[in-house]
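First the proteins, then the strands, lettered A, B, ... as listed; each starts at 1.
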There are 2 protein chains.
Amino acid sequence: MAKKGLSARQKRILEFIQDFYEERSYPPTIRDIQQACSISSTSVVDYNLRILERSGHIRRDREVSRGIEVLVGGRRRGRVPVLGYIAAGEPSPVPTQESWSDFEAIDELEVPQGLLGEVPADAYALRVKGTSMIDALVDDGDVVIVRPVDSVKNGDMVVAWLQTEKEVTLKRFYNEGERIRLQPANSTMSPIYVDPENLEVQGKVVAVLRSNL
Amino acid sequence: MAKKGLSARQKRILEFIQDFYEERSYPPTIRDIQQACSISSTSVVDYNLRILERSGHIRRDREVSRGIEVLVGGRRRGRVPVLGYIAAGEPSPVPTQESWSDFEAIDELEVPQGLLGEVPADAYALRVKGTSMIDALVDDGDVVIVRPVDSVKNGDMVVAWLQTEKEVTLKRFYNEGERIRLQPANSTMSPIYVDPENLEVQGKVVAVLRSNL
DNA sequence: CTCCTCAATGAACGCATGTTCGTGGCGACA
DNA sequence: TGTCGCCACGAACATGCGTTCATTGAGGAG
(Lines give C-alpha, C1' and ligand atoms only; values in the text may rest on other atoms or scores of the structure.)
Protein backbone atom coordinates (compact mmCIF):
# COMPACT_ATOMS: atom_id res chain seq x y z
CA MET A 1 0.00 0.00 0.00
CA ALA A 2 2.78 2.34 0.83
CA LYS A 3 4.09 4.49 -1.93
CA LYS A 4 7.51 3.31 -0.91
CA GLY A 5 8.68 0.05 -2.29
CA LEU A 6 7.95 1.35 -5.73
CA SER A 7 10.76 1.88 -8.18
CA ALA A 8 11.24 5.29 -9.69
CA ARG A 9 9.88 3.92 -12.91
CA GLN A 10 6.76 2.65 -11.25
CA LYS A 11 6.10 5.94 -9.55
CA ARG A 12 6.56 7.66 -12.86
CA ILE A 13 4.07 5.32 -14.51
CA LEU A 14 1.54 5.84 -11.77
CA GLU A 15 1.86 9.56 -12.05
CA PHE A 16 1.54 9.50 -15.80
CA ILE A 17 -1.60 7.40 -15.73
CA GLN A 18 -3.08 9.90 -13.35
CA ASP A 19 -2.17 12.95 -15.38
CA PHE A 20 -3.28 11.35 -18.59
CA TYR A 21 -6.61 10.43 -17.11
CA GLU A 22 -7.09 13.86 -15.62
CA GLU A 23 -6.54 15.49 -18.95
CA ARG A 24 -8.34 13.19 -21.35
CA SER A 25 -10.83 11.54 -19.02
CA TYR A 26 -9.90 8.08 -20.17
CA PRO A 27 -6.93 5.95 -19.22
CA PRO A 28 -3.81 5.60 -21.36
CA THR A 29 -2.90 2.53 -23.35
CA ILE A 30 0.14 0.52 -22.54
CA ARG A 31 1.90 2.09 -25.47
CA ASP A 32 0.96 5.56 -24.28
CA ILE A 33 2.70 4.75 -21.04
CA GLN A 34 5.64 3.28 -22.89
CA GLN A 35 6.27 6.45 -24.83
CA ALA A 36 5.65 8.88 -22.01
CA CYS A 37 7.95 7.05 -19.63
CA SER A 38 10.62 6.28 -22.21
CA ILE A 39 10.31 2.56 -21.84
CA SER A 40 11.80 0.36 -24.49
CA SER A 41 9.10 -2.25 -24.70
CA THR A 42 5.44 -2.74 -24.01
CA SER A 43 6.25 -5.85 -22.07
CA VAL A 44 8.19 -3.80 -19.56
CA VAL A 45 5.14 -1.66 -19.05
CA ASP A 46 3.03 -4.73 -18.58
CA TYR A 47 5.55 -6.10 -16.14
CA ASN A 48 5.45 -3.00 -14.01
CA LEU A 49 1.72 -2.70 -14.24
CA ARG A 50 1.42 -6.20 -12.83
CA ILE A 51 3.49 -5.12 -9.88
CA LEU A 52 1.39 -2.02 -9.38
CA GLU A 53 -1.68 -4.18 -9.56
CA ARG A 54 -0.43 -6.67 -6.99
CA SER A 55 0.50 -3.87 -4.65
CA GLY A 56 -2.97 -2.41 -4.93
CA HIS A 57 -2.04 0.82 -6.65
CA ILE A 58 -4.07 0.17 -9.73
CA ARG A 59 -6.85 -2.04 -10.96
CA ARG A 60 -6.73 -3.62 -14.37
CA ASP A 61 -9.39 -4.99 -16.64
CA ARG A 62 -7.59 -7.65 -18.59
CA GLU A 63 -7.89 -7.91 -22.32
CA VAL A 64 -9.52 -4.54 -22.35
CA SER A 65 -7.94 -1.55 -23.99
CA ARG A 66 -7.21 1.23 -21.52
CA GLY A 67 -8.40 -1.07 -18.76
CA ILE A 68 -6.36 0.65 -16.08
CA GLU A 69 -7.61 2.54 -13.09
CA VAL A 70 -5.55 4.25 -10.42
CA LEU A 71 -6.57 3.40 -6.89
CA VAL A 72 -5.71 5.24 -3.73
CA GLY A 73 -5.92 3.24 -0.56
CA GLY A 74 -7.58 0.49 -2.51
CA ARG A 75 -10.43 2.75 -3.51
CA ARG A 76 -11.38 4.26 -6.79
CA ARG A 77 -9.56 7.52 -7.00
CA GLY A 78 -11.47 10.57 -5.93
CA ARG A 79 -14.14 8.58 -4.17
CA VAL A 80 -14.87 8.24 -0.53
CA PRO A 81 -17.26 5.81 1.08
CA VAL A 82 -20.32 7.18 2.78
CA LEU A 83 -20.32 5.27 6.02
CA GLY A 84 -23.65 6.29 7.42
CA TYR A 85 -25.56 9.02 9.12
CA ILE A 86 -24.55 11.27 11.93
CA ALA A 87 -26.88 13.36 14.03
CA ALA A 88 -25.65 16.86 14.41
CA GLY A 89 -27.97 17.67 17.27
CA GLU A 90 -28.62 15.16 19.96
CA PRO A 91 -25.90 12.59 20.26
CA SER A 92 -27.00 9.33 18.74
CA PRO A 93 -25.82 5.87 19.60
CA VAL A 94 -23.66 3.94 17.22
CA PRO A 95 -24.72 0.33 16.73
CA THR A 96 -21.73 -1.69 17.74
CA GLN A 97 -18.42 -0.38 16.52
CA GLU A 98 -15.93 1.68 18.39
CA SER A 99 -15.09 3.61 15.29
CA TRP A 100 -16.69 4.52 12.02
CA SER A 101 -13.86 2.93 10.18
CA ASP A 102 -15.36 -0.49 10.67
CA PHE A 103 -18.58 0.44 9.01
CA GLU A 104 -19.87 -0.89 5.79
CA ALA A 105 -20.23 1.82 3.21
CA ILE A 106 -23.80 2.59 2.35
CA ASP A 107 -22.84 4.59 -0.65
CA GLU A 108 -19.99 6.05 -2.55
CA LEU A 109 -19.30 9.60 -3.39
CA GLU A 110 -17.14 11.38 -5.85
CA VAL A 111 -15.28 14.26 -4.29
CA PRO A 112 -13.88 17.29 -6.01
CA GLN A 113 -10.51 17.00 -7.60
CA GLY A 114 -8.29 19.98 -7.33
CA LEU A 115 -9.99 21.32 -4.26
CA LEU A 116 -9.07 18.72 -1.74
CA GLY A 117 -6.02 17.74 -3.68
CA GLU A 118 -5.24 14.12 -3.23
CA VAL A 119 -8.05 12.76 -1.12
CA PRO A 120 -6.57 10.93 1.84
CA ALA A 121 -7.12 7.20 1.76
CA ASP A 122 -8.53 7.22 5.28
CA ALA A 123 -11.15 9.88 4.64
CA TYR A 124 -14.78 8.96 4.77
CA ALA A 125 -18.11 10.68 4.45
CA LEU A 126 -21.13 10.95 6.70
CA ARG A 127 -24.56 12.14 5.82
CA VAL A 128 -25.87 14.63 8.33
CA LYS A 129 -29.21 14.11 10.00
CA GLY A 130 -31.09 16.99 11.50
CA THR A 131 -30.80 20.72 11.20
CA SER A 132 -28.96 21.55 14.37
CA MET A 133 -25.87 22.70 12.53
CA ILE A 134 -27.95 24.86 10.29
CA ASP A 135 -26.12 28.04 11.19
CA ALA A 136 -22.96 26.47 9.91
CA LEU A 137 -24.48 25.77 6.54
CA VAL A 138 -24.74 22.14 7.45
CA ASP A 139 -28.27 21.15 6.72
CA ASP A 140 -30.24 17.98 6.88
CA GLY A 141 -28.98 15.64 4.20
CA ASP A 142 -25.68 17.40 3.71
CA VAL A 143 -22.54 15.38 3.55
CA VAL A 144 -19.44 15.98 5.61
CA ILE A 145 -16.12 14.51 4.67
CA VAL A 146 -14.18 13.47 7.69
CA ARG A 147 -10.56 12.74 8.14
CA PRO A 148 -9.12 11.10 11.21
CA VAL A 149 -6.64 13.43 12.85
CA ASP A 150 -4.56 13.47 15.99
CA SER A 151 -5.01 17.06 16.97
CA VAL A 152 -7.79 19.54 16.56
CA LYS A 153 -7.92 23.27 16.98
CA ASN A 154 -10.59 25.19 18.78
CA GLY A 155 -13.47 25.87 16.46
CA ASP A 156 -12.89 22.82 14.35
CA MET A 157 -15.94 20.84 13.46
CA VAL A 158 -15.40 17.34 14.69
CA VAL A 159 -17.03 13.97 14.94
CA ALA A 160 -17.13 13.50 18.67
CA TRP A 161 -17.36 10.10 20.32
CA LEU A 162 -18.63 10.09 23.91
CA GLN A 163 -17.14 6.98 25.43
CA THR A 164 -19.42 6.31 28.37
CA GLU A 165 -22.54 7.29 26.52
CA LYS A 166 -21.42 5.36 23.46
CA GLU A 167 -22.74 8.09 21.24
CA VAL A 168 -21.42 10.18 18.42
CA THR A 169 -22.28 13.70 17.44
CA LEU A 170 -21.18 16.43 15.13
CA LYS A 171 -20.08 19.55 16.94
CA ARG A 172 -17.61 22.35 17.08
CA PHE A 173 -14.71 21.67 19.40
CA TYR A 174 -13.55 24.11 22.10
CA ASN A 175 -10.97 23.13 24.65
CA GLU A 176 -11.63 25.08 27.85
CA GLY A 177 -8.94 23.48 29.93
CA GLU A 178 -10.86 21.64 32.61
CA ARG A 179 -13.52 20.55 30.24
CA ILE A 180 -14.31 20.49 26.56
CA ARG A 181 -17.21 22.33 25.09
CA LEU A 182 -19.05 20.77 22.20
CA GLN A 183 -20.91 23.56 20.56
CA PRO A 184 -23.77 23.08 18.15
CA ALA A 185 -24.11 25.70 15.46
CA ASN A 186 -27.70 26.45 16.19
CA SER A 187 -28.66 29.40 18.32
CA THR A 188 -31.52 27.51 19.93
CA MET A 189 -29.36 24.72 21.20
CA SER A 190 -27.03 24.56 24.15
CA PRO A 191 -23.48 23.32 24.18
CA ILE A 192 -22.49 20.05 25.77
CA TYR A 193 -19.63 19.96 28.25
CA VAL A 194 -17.62 16.81 28.54
CA ASP A 195 -14.62 15.55 30.41
CA PRO A 196 -11.58 15.32 28.13
CA GLU A 197 -11.20 11.70 29.22
CA ASN A 198 -14.64 10.86 27.96
CA LEU A 199 -14.17 12.40 24.56
CA GLU A 200 -12.57 10.84 21.56
CA VAL A 201 -12.34 12.92 18.45
CA GLN A 202 -12.94 10.48 15.65
CA GLY A 203 -12.11 12.94 13.00
CA LYS A 204 -12.27 16.45 11.76
CA VAL A 205 -14.58 17.71 9.08
CA VAL A 206 -12.44 18.68 6.14
CA ALA A 207 -15.20 19.31 3.67
CA VAL A 208 -18.85 20.06 3.59
CA LEU A 209 -20.85 19.20 0.55
CA ARG A 210 -24.23 20.75 0.43
CA SER A 211 -26.77 20.09 -2.24
CA ASN A 212 -29.68 22.42 -2.74
CA LEU A 213 -30.79 21.64 -6.25
CA MET B 1 -27.72 21.57 -27.24
CA ALA B 2 -31.18 20.62 -26.24
CA LYS B 3 -31.80 17.05 -25.27
CA LYS B 4 -34.73 17.19 -27.65
CA GLY B 5 -34.02 16.54 -31.25
CA LEU B 6 -32.34 13.33 -30.29
CA SER B 7 -33.77 10.04 -31.39
CA ALA B 8 -34.64 7.44 -28.81
CA ARG B 9 -31.64 5.49 -29.92
CA GLN B 10 -29.35 8.44 -29.45
CA LYS B 11 -30.64 9.12 -25.97
CA ARG B 12 -30.12 5.48 -25.16
CA ILE B 13 -26.56 5.62 -26.40
CA LEU B 14 -25.83 8.75 -24.42
CA GLU B 15 -27.21 7.20 -21.30
CA PHE B 16 -25.26 4.02 -21.78
CA ILE B 17 -21.98 5.83 -22.27
CA GLN B 18 -22.62 7.65 -19.04
CA ASP B 19 -23.51 4.57 -17.05
CA PHE B 20 -20.64 2.60 -18.47
CA TYR B 21 -18.20 5.33 -17.61
CA GLU B 22 -19.59 5.72 -14.13
CA GLU B 23 -19.15 2.08 -13.42
CA ARG B 24 -15.83 1.29 -15.05
CA SER B 25 -14.25 4.73 -15.07
CA TYR B 26 -13.33 4.51 -18.72
CA PRO B 27 -15.51 5.05 -21.76
CA PRO B 28 -17.05 2.20 -23.76
CA THR B 29 -15.90 1.12 -27.19
CA ILE B 30 -18.13 1.42 -30.19
CA ARG B 31 -18.79 -2.28 -29.98
CA ASP B 32 -19.72 -2.01 -26.32
CA ILE B 33 -22.32 0.51 -27.32
CA GLN B 34 -23.44 -1.66 -30.18
CA GLN B 35 -24.17 -4.60 -27.93
CA ALA B 36 -25.72 -2.68 -25.09
CA CYS B 37 -28.07 -0.78 -27.35
CA SER B 38 -28.89 -3.72 -29.59
CA ILE B 39 -27.56 -2.11 -32.70
CA SER B 40 -26.88 -4.26 -35.68
CA SER B 41 -23.67 -2.69 -36.86
CA THR B 42 -20.77 -0.67 -35.59
CA SER B 43 -21.27 1.75 -38.41
CA VAL B 44 -24.68 2.65 -37.07
CA VAL B 45 -23.08 3.48 -33.77
CA ASP B 46 -20.52 5.60 -35.51
CA TYR B 47 -23.28 7.29 -37.48
CA ASN B 48 -25.16 8.23 -34.34
CA LEU B 49 -22.03 9.24 -32.48
CA ARG B 50 -21.27 11.70 -35.24
CA ILE B 51 -24.66 13.24 -34.73
CA LEU B 52 -24.16 13.43 -31.00
CA GLU B 53 -20.81 15.02 -31.60
CA ARG B 54 -22.16 17.62 -33.98
CA SER B 55 -24.89 18.49 -31.53
CA GLY B 56 -22.35 18.96 -28.77
CA HIS B 57 -23.44 16.12 -26.56
CA ILE B 58 -20.16 14.29 -26.71
CA ARG B 59 -16.57 14.86 -27.63
CA ARG B 60 -14.63 12.32 -29.63
CA ASP B 61 -10.97 11.65 -30.02
CA ARG B 62 -10.73 10.19 -33.45
CA GLU B 63 -8.71 7.09 -34.13
CA VAL B 64 -8.47 6.54 -30.43
CA SER B 65 -10.04 3.59 -28.70
CA ARG B 66 -12.67 4.61 -26.21
CA GLY B 67 -12.15 8.20 -27.28
CA ILE B 68 -15.62 9.32 -26.25
CA GLU B 69 -16.53 11.78 -23.57
CA VAL B 70 -19.97 12.90 -22.54
CA LEU B 71 -20.39 16.62 -22.29
CA VAL B 72 -23.10 18.57 -20.54
CA GLY B 73 -23.65 22.07 -21.71
CA GLY B 74 -20.47 21.78 -23.73
CA ARG B 75 -18.40 21.15 -20.64
CA ARG B 76 -16.68 18.07 -19.38
CA ARG B 77 -19.18 16.24 -17.32
CA GLY B 78 -19.06 16.85 -13.60
CA ARG B 79 -16.88 19.91 -13.94
CA VAL B 80 -17.67 23.51 -13.34
CA PRO B 81 -15.54 26.50 -14.23
CA VAL B 82 -14.13 28.58 -11.42
CA LEU B 83 -14.88 32.07 -12.62
CA GLY B 84 -13.02 34.07 -10.05
CA TYR B 85 -13.04 35.36 -6.54
CA ILE B 86 -15.85 36.82 -4.54
CA ALA B 87 -15.48 38.80 -1.35
CA ALA B 88 -17.85 37.64 1.31
CA GLY B 89 -17.40 40.71 3.47
CA GLU B 90 -17.15 44.12 1.90
CA PRO B 91 -18.71 44.27 -1.50
CA SER B 92 -16.05 44.32 -4.16
CA PRO B 93 -16.23 45.75 -7.61
CA VAL B 94 -16.34 43.55 -10.62
CA PRO B 95 -13.99 44.57 -13.42
CA THR B 96 -16.20 45.12 -16.39
CA GLN B 97 -18.92 42.57 -16.85
CA GLU B 98 -22.50 42.81 -15.81
CA SER B 99 -22.59 39.18 -14.92
CA TRP B 100 -20.21 36.46 -13.90
CA SER B 101 -21.30 34.39 -16.81
CA ASP B 102 -19.11 36.41 -19.13
CA PHE B 103 -16.00 35.69 -17.17
CA GLU B 104 -13.12 33.68 -18.32
CA ALA B 105 -12.62 30.62 -16.18
CA ILE B 106 -9.50 30.79 -14.07
CA ASP B 107 -9.67 27.15 -13.18
CA GLU B 108 -11.78 24.08 -13.41
CA LEU B 109 -13.19 21.98 -10.65
CA GLU B 110 -14.56 18.54 -10.40
CA VAL B 111 -17.75 18.43 -8.40
CA PRO B 112 -19.16 15.47 -6.55
CA GLN B 113 -21.23 13.03 -8.50
CA GLY B 114 -24.22 11.60 -6.77
CA LEU B 115 -24.50 14.46 -4.36
CA LEU B 116 -25.51 17.22 -6.67
CA GLY B 117 -26.92 14.79 -9.15
CA GLU B 118 -26.58 16.08 -12.65
CA VAL B 119 -24.64 19.29 -12.33
CA PRO B 120 -26.54 22.03 -14.15
CA ALA B 121 -24.83 23.30 -17.23
CA ASP B 122 -25.15 26.87 -16.07
CA ALA B 123 -23.54 26.35 -12.69
CA TYR B 124 -20.24 27.96 -11.90
CA ALA B 125 -17.87 28.23 -9.00
CA LEU B 126 -16.38 31.14 -7.11
CA ARG B 127 -13.52 31.12 -4.70
CA VAL B 128 -14.31 33.00 -1.53
CA LYS B 129 -12.06 35.76 -0.30
CA GLY B 130 -12.08 36.79 3.30
CA THR B 131 -13.44 35.26 6.44
CA SER B 132 -16.62 37.23 6.87
CA MET B 133 -18.81 34.22 6.29
CA ILE B 134 -16.82 32.24 8.78
CA ASP B 135 -19.82 31.42 10.94
CA ALA B 136 -21.39 29.75 7.96
CA LEU B 137 -18.45 27.46 7.50
CA VAL B 138 -17.40 29.49 4.53
CA ASP B 139 -13.80 30.33 5.07
CA ASP B 140 -11.15 32.11 3.12
CA GLY B 141 -10.29 30.04 0.09
CA ASP B 142 -13.42 27.96 0.14
CA VAL B 143 -15.33 27.42 -3.03
CA VAL B 144 -19.00 28.04 -3.53
CA ILE B 145 -20.90 26.56 -6.41
CA VAL B 146 -23.48 28.96 -7.71
CA ARG B 147 -26.46 28.39 -9.86
CA PRO B 148 -28.43 31.16 -11.48
CA VAL B 149 -32.01 31.06 -10.22
CA ASP B 150 -35.11 33.17 -10.61
CA SER B 151 -36.36 33.06 -7.07
CA VAL B 152 -34.66 32.83 -3.72
CA LYS B 153 -35.98 32.08 -0.28
CA ASN B 154 -35.14 33.97 2.86
CA GLY B 155 -31.97 32.63 4.35
CA ASP B 156 -30.52 31.51 1.08
CA MET B 157 -26.92 32.35 0.49
CA VAL B 158 -26.74 34.37 -2.67
CA VAL B 159 -24.35 36.17 -4.94
CA ALA B 160 -25.70 39.69 -4.74
CA TRP B 161 -25.07 42.29 -7.41
CA LEU B 162 -25.53 45.90 -6.33
CA GLN B 163 -26.39 47.74 -9.50
CA THR B 164 -25.53 51.33 -8.68
CA GLU B 165 -22.43 50.40 -6.73
CA LYS B 166 -21.40 47.89 -9.39
CA GLU B 167 -20.28 45.53 -6.72
CA VAL B 168 -20.87 41.91 -5.87
CA THR B 169 -20.91 40.23 -2.52
CA LEU B 170 -21.77 36.95 -0.92
CA LYS B 171 -24.50 37.24 1.66
CA ARG B 172 -27.58 35.66 3.11
CA PHE B 173 -30.78 36.97 1.61
CA TYR B 174 -33.73 38.23 3.67
CA ASN B 175 -36.67 39.96 2.07
CA GLU B 176 -38.13 42.41 4.56
CA GLY B 177 -40.77 43.87 2.29
CA GLU B 178 -39.64 47.46 1.87
CA ARG B 179 -36.03 46.56 1.71
CA ILE B 180 -33.80 43.58 1.44
CA ARG B 181 -31.34 42.67 4.14
CA LEU B 182 -28.04 41.17 3.09
CA GLN B 183 -26.69 39.45 6.13
CA PRO B 184 -23.10 38.41 6.56
CA ALA B 185 -22.54 35.31 8.64
CA ASN B 186 -20.08 36.92 10.97
CA SER B 187 -21.20 38.20 14.33
CA THR B 188 -18.84 41.16 14.13
CA MET B 189 -20.28 42.46 10.91
CA SER B 190 -23.44 44.37 10.21
CA PRO B 191 -26.02 43.61 7.58
CA ILE B 192 -26.44 45.72 4.47
CA TYR B 193 -29.86 47.00 3.53
CA VAL B 194 -30.64 47.59 -0.08
CA ASP B 195 -33.51 48.65 -2.22
CA PRO B 196 -35.02 45.70 -4.09
CA GLU B 197 -34.58 47.69 -7.32
CA ASN B 198 -30.88 47.98 -6.74
CA LEU B 199 -30.33 44.30 -6.11
CA GLU B 200 -29.86 41.61 -8.65
CA VAL B 201 -29.42 38.11 -7.36
CA GLN B 202 -26.90 36.57 -9.68
CA GLY B 203 -27.29 33.16 -8.27
CA LYS B 204 -27.80 31.02 -5.28
CA VAL B 205 -25.15 28.99 -3.55
CA VAL B 206 -26.01 25.35 -4.08
CA ALA B 207 -22.85 23.86 -2.70
CA VAL B 208 -19.99 24.76 -0.47
CA LEU B 209 -16.72 23.00 -0.82
CA ARG B 210 -14.33 23.52 1.98
CA SER B 211 -10.83 22.20 2.08
CA ASN B 212 -8.93 21.97 5.31
CA LEU B 213 -6.23 19.49 4.52
C1' DC C 1 -42.79 8.93 -60.44
C1' DT C 2 -38.00 10.63 -59.38
C1' DC C 3 -34.73 12.66 -56.42
C1' DC C 4 -32.99 13.32 -52.03
C1' DT C 5 -32.04 12.92 -47.13
C1' DC C 6 -32.24 10.21 -43.08
C1' DA C 7 -31.35 5.92 -40.79
C1' DA C 8 -29.73 1.56 -40.83
C1' DT C 9 -27.15 -2.75 -42.44
C1' DG C 10 -23.24 -6.04 -43.02
C1' DA C 11 -18.77 -6.71 -44.41
C1' DA C 12 -14.15 -5.65 -44.84
C1' DC C 13 -9.82 -3.05 -43.95
C1' DG C 14 -6.03 -1.85 -41.18
C1' DC C 15 -3.98 0.03 -37.48
C1' DA C 16 -4.21 -0.15 -32.23
C1' DT C 17 -3.39 -2.63 -28.36
C1' DG C 18 -3.05 -6.29 -24.72
C1' DT C 19 -0.43 -10.53 -24.24
C1' DT C 20 3.25 -13.87 -24.46
C1' DC C 21 7.82 -15.70 -24.99
C1' DG C 22 12.69 -16.15 -25.30
C1' DT C 23 16.77 -13.48 -23.88
C1' DG C 24 20.05 -10.95 -21.22
C1' DG C 25 22.20 -7.83 -17.69
C1' DC C 26 22.95 -7.34 -12.72
C1' DG C 27 23.36 -7.63 -7.81
C1' DA C 28 22.80 -10.94 -3.81
C1' DC C 29 24.19 -14.93 -1.81
C1' DA C 30 26.34 -19.14 -0.88
C1' DT D 1 31.82 -19.28 -9.70
C1' DG D 2 26.98 -20.61 -10.35
C1' DT D 3 22.34 -19.89 -9.35
C1' DC D 4 18.39 -17.11 -8.41
C1' DG D 5 15.28 -13.29 -8.27
C1' DC D 6 14.56 -8.69 -10.16
C1' DC D 7 14.12 -5.89 -14.04
C1' DA D 8 14.44 -4.89 -18.74
C1' DC D 9 14.39 -5.88 -23.83
C1' DG D 10 12.44 -6.79 -28.48
C1' DA D 11 9.74 -9.32 -31.40
C1' DA D 12 5.71 -11.71 -32.67
C1' DC D 13 0.83 -12.98 -32.18
C1' DA D 14 -4.08 -12.49 -31.81
C1' DT D 15 -7.64 -9.67 -30.98
C1' DG D 16 -9.60 -5.24 -30.14
C1' DC D 17 -11.50 -1.49 -32.24
C1' DG D 18 -12.20 2.78 -35.17
C1' DT D 19 -13.17 3.56 -39.94
C1' DT D 20 -15.01 3.12 -44.58
C1' DC D 21 -17.90 1.50 -48.28
C1' DA D 22 -21.61 -0.33 -50.97
C1' DT D 23 -26.67 -1.18 -50.26
C1' DT D 24 -31.22 -0.82 -48.85
C1' DG D 25 -35.58 1.00 -47.28
C1' DA D 26 -38.53 4.64 -45.59
C1' DG D 27 -40.44 9.04 -45.99
C1' DG D 28 -40.81 14.14 -48.14
C1' DA D 29 -40.41 17.48 -51.77
C1' DG D 30 -40.79 18.50 -56.51
Is any side-chain N of the basic residue among [X] and [Y] closer than 4.0 Å to the acidic one's carboxylate O?
X	Y	answer
B/R66	B/D32	yes
B/R60	B/D46	yes
A/R76	A/E69	yes

Should A/V143 and A/L126 count as side-chain neighbours, where that means a heavy-atom distance under 4.5 Å?
-> no
Taking the side chain of B/S41 as its heavy atoms from C-beta onward, which of C/dG10, D/dC9, C/dT19 lies nearest to it?
-> C/dG10
Which of residues 60-70 of chain A sit near DNA chain D, with a heavy atom under 4.0 Å from it?
-> A/S65
Close residues, residues 24-39 of chain B, relative to DNA chain D [heavy-atom separation under 4.0 Å] = B/T29, B/I30, B/R31
So which atom in [X] and which in [Y] form the shortest heavy-atom distance, rounded to 0.1 Å?
X	Y	result
B/Y26	B/Y21	C-CD1, 3.5 Å
A/I180	A/P196	CD1-CA, 3.9 Å
B/V194	B/L199	CG2-CB, 4.0 Å
A/P81	A/R75	CD-CZ, 3.2 Å
B/I13	B/L49	CG2-CD2, 4.1 Å

To the nearest 0.5 Å, tell me how far B/N48 CG sits from B/R50 CZ.
-> 11.5 Å
Distance (rounded to the nearest 0.5 Å) between B/R9 CZ and B/S7 OG | 7.5 Å
Is A/T42 side chain donor-acceptor paired with the C/dT19 base, going by distance under 3.5 Å alone?
-> yes
Integer-rounded Å distance: D/dC17 C1' and B/L49 CG = 13 Å
A/D46 CG to C/dC21 C1': how many Å, rounded?
-> 12 Å
Between B/S40 and C/dT9, does any side-chain N or O lie under 4.0 Å from OP1 or OP2?
-> yes
I'd like a list of close polar pairs between nucleotides 3-7 of chain D and the protein, N/O only, cut-off under 3.5 Å.
| from | atom 1 | to | atom 2 | distance (Å) |
| --- | --- | --- | --- | --- |
| D/dC7 | OP2 | A/Y47 | OH | 3.1 |

